[in-house]
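One structure below.
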Amino acid sequence: MKDLRLYNTLNRRIEDFTSIVPQKVGMYICGPTVYGPPHLGHVRGPIVFDVFRRLLMQQGYQVRFVRNITDVGHLVGDADEGEDKLQKQARLEQIEPMEVAQTYTDAYNWAMDALNVLRPSIEPKASGHIIEQIEMIQSIIDANLAYQVNGSVYFDVEAYQKEHHYGTLSGRVLDDLIAGSASRELEGQSEKRSAHDFALWKHALPEHIMQWSSPWGKGFPGWHIECSAMSAKYLGLEFDIHGGGMDLLFPHHECEIAQSTAAHKHNPARYWMHHNMITINGQKMAKSLNNGIQVSALFNGDHHLLSRGFGPNTLRFFVLQAHYRSTLDFSEVALEGSEKGLKRLLESFKKLESIVPEKESNVDIEAVEKAIDAALSDDLNTPIAIAQFFELAKFINLAIDKKAALNVQDLEKISNLITVYFQGILGLQTEVEAHSDILDEVMDILITLRSEAKTDKNYALSDAIRNRLKEKGVELMDSKEGTTWKHN
RNA sequence: GGUCGGAUGGCCGAGCGGCUAGGCACAGGUCUGCAAAACCUUUUACACCGGUUCGAAUCCGGUUCCGACCUCCA
């Protein structure tokens, strides 16, 4: 095991990572609520935690990676009169709520596959764990830390605060929260004893399609309980890492800690990791701001901020070029920059095998490897790791121009770094998209004809071929090794 | 209003007491019939005002601006 260091939100500092069980890591990541198509905001967490998971695996850990699908429970609008998000969408579309959930679960996983995010070890659905949630709620009631009102159950934050500490993760002080919300409390009647109590179980009105029987009547689980119940079921009462977006830090994760502590007497996770948000023009993407970009739109360019599409590999690279705890500002210009940089890397990687090794070496590949390794182990510093691959690209390009000398060992090491780190951990593809075979053959004919025209100094013809192809979006590029082409 | 975080060159984005981040763009060069592409080289920086220090983008205090959370969110 290597010296892995992580920023732990719980203590607000970078700490050495050690797993509870040697060689094994359990991690739980908050997954999507499947009531809409995946958008850019959904993409960062999965990519970041995917890289982290791959890093752990490469370091020799056996990882159980759990990422849930939320298909029940979140409310729209005020807690008191909210209806289930999934139900609302279903009514609009005139289909079953579970059909909505399935559609968007599939869409989400389609996006994840495209982005080369490994599928979770376990992908539990909230709707499939109603019993576990009910049991957990009952434990909290038994501990006198929850109360029933009209068929709903609420977590009693103030009672909890007497024995424990509410706010360990977010640093919130309950008294401040109560004081700060005094003005809001007047809006609407609440069955809650305190504004900061949160629902564990919500009574369902007859028109709610998604509802289950419980000791408290028909209803559905509250906002936060599913993650606590499912993480405990699959990872144990205390597990290694719990991750999610910073927007979930409060109240979601704070509530999880309170629930688990109340029911299981345990803070569920030892390390809490939070990735930052993707912003557009400095503002985060959010439902309420209506500034999201769907993943499919990113790929096909069907969005007013985009003039064309960008591939999933580019998107993944773009995300990893920033540290996960910084905000990442999205724009087409920034994406283009990433795309070009990535292309530079991939082009150099392709040239690797054509390098004739020298006897002596005048580059230090080992230093690069150490730098990559150190960067990733230092709180997952992917931008530094990527910068090192640009060093390698420079070495490769210089070697081709005979301005640097790489020996056999160097070439092997570089190849290994690409396989293990670039592909294996960063999860980036090195394949440039393939063309169809017949098109390749046709292009070969055109390129040969043009080449013959050039040999005859018939530049009118050779330029005509090049220009007319360009009109169709096919660009020819001459080089010493011959002519290559690309289609935009 | 409360809590927390951030302000780095034209843009994105690392660094967080001394040592080039990196990418994109720009510029110069190589190659080329020309062009494009590719490759090489390379300029510009740490919001503002004080302080600590031999030395600060990096630490401390203040100022200004921005963002996140406190409400569904990845």
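A note on names: the letters A, B, ... follow the listed sequences, proteins ahead of strands, and every chain is numbered from 1. Hydrogens, waters and symmetry mates are skipped; everything else that's a heavy atom, side chains included, is used. A quick note: this is a predicted structure, and the numbers were derived from the prediction, not measured.
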Can you tell me if Asp3(A) and Ser377(A) form a side-chain donor-acceptor pair at under 3.5 Å? no
Roughly, in whole Å, what's the span from CD1 in Ile280(A) to P in A74(B)? 15 Å
Hey, mind stepping through Glu15(A) and Asn8(A) against side chain to side chain donor-acceptor pair (under 3.5 Å) and telling me if it holds? CA-CA 7 Å; Glu15(A) 300 177 344; Asn8(A) 189 353; 3.1 Å; yes
Nearest heavy-atom neighbours spanning Phe395(A) and Leu406(A): O-CD1, 4.3 Å
Residue pair Asp106(A), Gln102(A): steps toward the side chain to side chain donor-acceptor pair (under 3.5 Å) verdict: CA-CA 6 Å; Asp106(A) 290 348; Gln102(A) 187 66 55; 3.0 Å; yes
Nearest-Å distance once atom C1' is located in both A38(B) and U53(B): 49 Å
Please state how far atom CD1 in Ile384(A) lies from atom C1' in G22(B), giving the value in whole angstrom units. 8 Å
Quiz question: by atom type and distance under 3.5 Å, do the side chains of Ser348(A) and Asn397(A) form a donor-acceptor pair? no
Proximal nucleotide (of A74(B), A37(B), C34(B)) relative to the Lys343(A) side chain: A37(B)
For Phe389(A) and Phe422(A), I'd like to know if the aromatic rings sit close, meaning centre-to-centre distance below 6.0 Å. yes
Taking any heavy-atom pair under 4.0 Å as a contact, classify Asn381(A): base, sugar-phosphate, or nothing. sugar-phosphate
What is the separation between atom CE on Met246(A) and atom C1' on C4(B), rounded to the nearest whole Å? 10 Å
What I want to check is whether an N or O donor and acceptor connect the side chain of Asp478(A) with the base of G33(B) at under 3.5 Å. no
Taking atom C1' in both G50(B) and U41(B), what distance in whole Å separates the two? 41 Å
Under 4.0 Å between a side-chain N or O of Asn397(A) and OP1 or OP2 of C40(B)? yes
Describe the nucleic acid contact of Leu248(A) in one word from base, sugar-phosphate, nothing, applying a heavy-atom distance below 4.0 Å. sugar-phosphate
Quick one: label Lys394(A) by what it contacts on the DNA or RNA (base, sugar-phosphate, nothing), any heavy atom closer than 4.0 Å. sugar-phosphate
Looking at every strand, decide which applies to Lys284(A) at a 4.0 Å heavy-atom threshold: base, sugar-phosphate, or nothing. base
Tell me what Ser462(A) touches on the nucleic acid: a base, only sugar-phosphate, or nothing, going by heavy atoms under 4.0 Å. base
Measuring only the C1' atom in each nucleotide, how far is A27(B) from G9(B)? A whole number of Å is fine. 15 Å
In whole Å, I'd like the distance from the NE2 atom of His196(A) to the C1' atom of U3(B). 12 Å
A36(B) and A47(B), which share atom name P, separated by this distance in whole Å: 38 Å
When you check the phosphate oxygens OP1 and OP2 of A38(B), does a side-chain N or O of Lys351(A) lie under 4.0 Å from one of them? no
Among the nucleotides C39(B), C40(B), A36(B), which one has an atom lying closest to any side-chain atom of Asp401(A)? C39(B)
Could you give the distance separating C4(B) and C39(B) at their C1' atoms, to the nearest angstrom? 47 Å
Check the distance between U71(B)'s P and His224(A)'s NE2 and give it to me in whole angstrom. 10 Å
With ring pair (Phe, Tyr, Trp, His ring centres under 6.0 Å) as the test, pick out the partner of His224(A) among Phe250(A), Trp201(A), Phe198(A). Phe198(A)
Using atom C1' of each nucleotide, how far apart are U8(B) and A21(B) to the nearest Å? 12 Å
Counting any heavy atom closer than 4.0 Å, what does Lys402(A) reach on the DNA or RNA strands: base, sugar-phosphate only, or nothing? nothing
Mind checking if Pro46(A) touches a base, just sugar-phosphate, or nothing, with heavy atoms under 4.0 Å? nothing
Compute whether any side-chain donor of one residue and acceptor of the other, for Asn68(A) and Thr70(A), lie under 3.5 angstrom apart. yes
CG of Leu169(A) versus P of G5(B): gap in Å, rounded? 13 Å
Base, sugar-phosphate, or nothing: which does Leu328(A) touch, judged by heavy atoms less than 4.0 Å apart? sugar-phosphate
Using only heavy-atom distances, determine whether the side chains of Ser152(A) and His203(A) contain a donor-acceptor pair under 3.5 Å. no
Dot-bracket, RNA chain B: Watson-Crick or G-U, under 3.5 angstrom, [ ] crossing, | other strand? (((((((..(((.....[...)))..((((.......)))).....(((((..]....))))))))))))....
Can you tell me, in whole Å, how much space there is between the C1' of U44(B) and that of C12(B)? 16 Å
When only distance counts, do a donor and an acceptor, one from the side chain of Arg172(A) and one from the base of C4(B), lie under 3.5 Å apart? no
Using a 4.0 Å heavy-atom cut-off across all strands, classify Leu40(A) as base, sugar-phosphate, or nothing. nothing
Under 4.0 angstrom, heavy atoms only, what part of the nucleic acid is Gly41(A) near: base, sugar-phosphate, or nothing? base
Counting any heavy atom closer than 4.0 Å, what does Arg344(A) reach on the DNA or RNA strands: base, sugar-phosphate only, or nothing? sugar-phosphate
Between Gly171(A) and Ser348(A), which is nearer to the 5' end of RNA chain B once each is assigned its nearest nucleotide? Gly171(A)
Round to the nearest Å and state the distance from Phe330(A) atom CZ to C24(B) atom C1'. 15 Å
Euclidean distance for P, G23(B) against A14(B) (whole angstrom): 15 Å
Result for 5'-nearest mapping on RNA chain B, choosing between Ser338(A) and Phe395(A), is Ser338(A)
Looking at C4(B), A14(B), C11(B), which one has an atom nearest to any side-chain atom of Arg12(A)? C4(B)
For Tyr324(A), which of Asp379(A), Asn276(A), Asn381(A), Thr382(A) qualifies under side-chain hydrogen bond (donor to acceptor under 3.5 Å, both in side chains)? Asp379(A)
Under 5.5 Å between ring centres and under 30° between planes: true for Tyr459(A) and the base of G33(B)? yes
Out of A21(B), A14(B), A36(B), which has the shortest distance to the side chain of Met477(A)? A36(B)
Any side-chain N or O of Ser326(A) below 4.0 angstrom from OP1/OP2 of A14(B)? yes
Asp329(A) side-chain proximity, nearest of G13(B), A74(B), A38(B): G13(B)
Nearest-Å distance for atom pair CG/C1', residues Leu342(A) and C24(B): 13 Å
Output, in order, the C-alpha distance, side-chain angles, deciding distance and verdict of salt bridge (charged side-chain N to carboxylate O under 4.0 Å, His left out) for Lys370(A) and Asp373(A). CA-CA 5 Å; Lys370(A) 278 185 186 155; Asp373(A) 203 51; over 6 Å; no
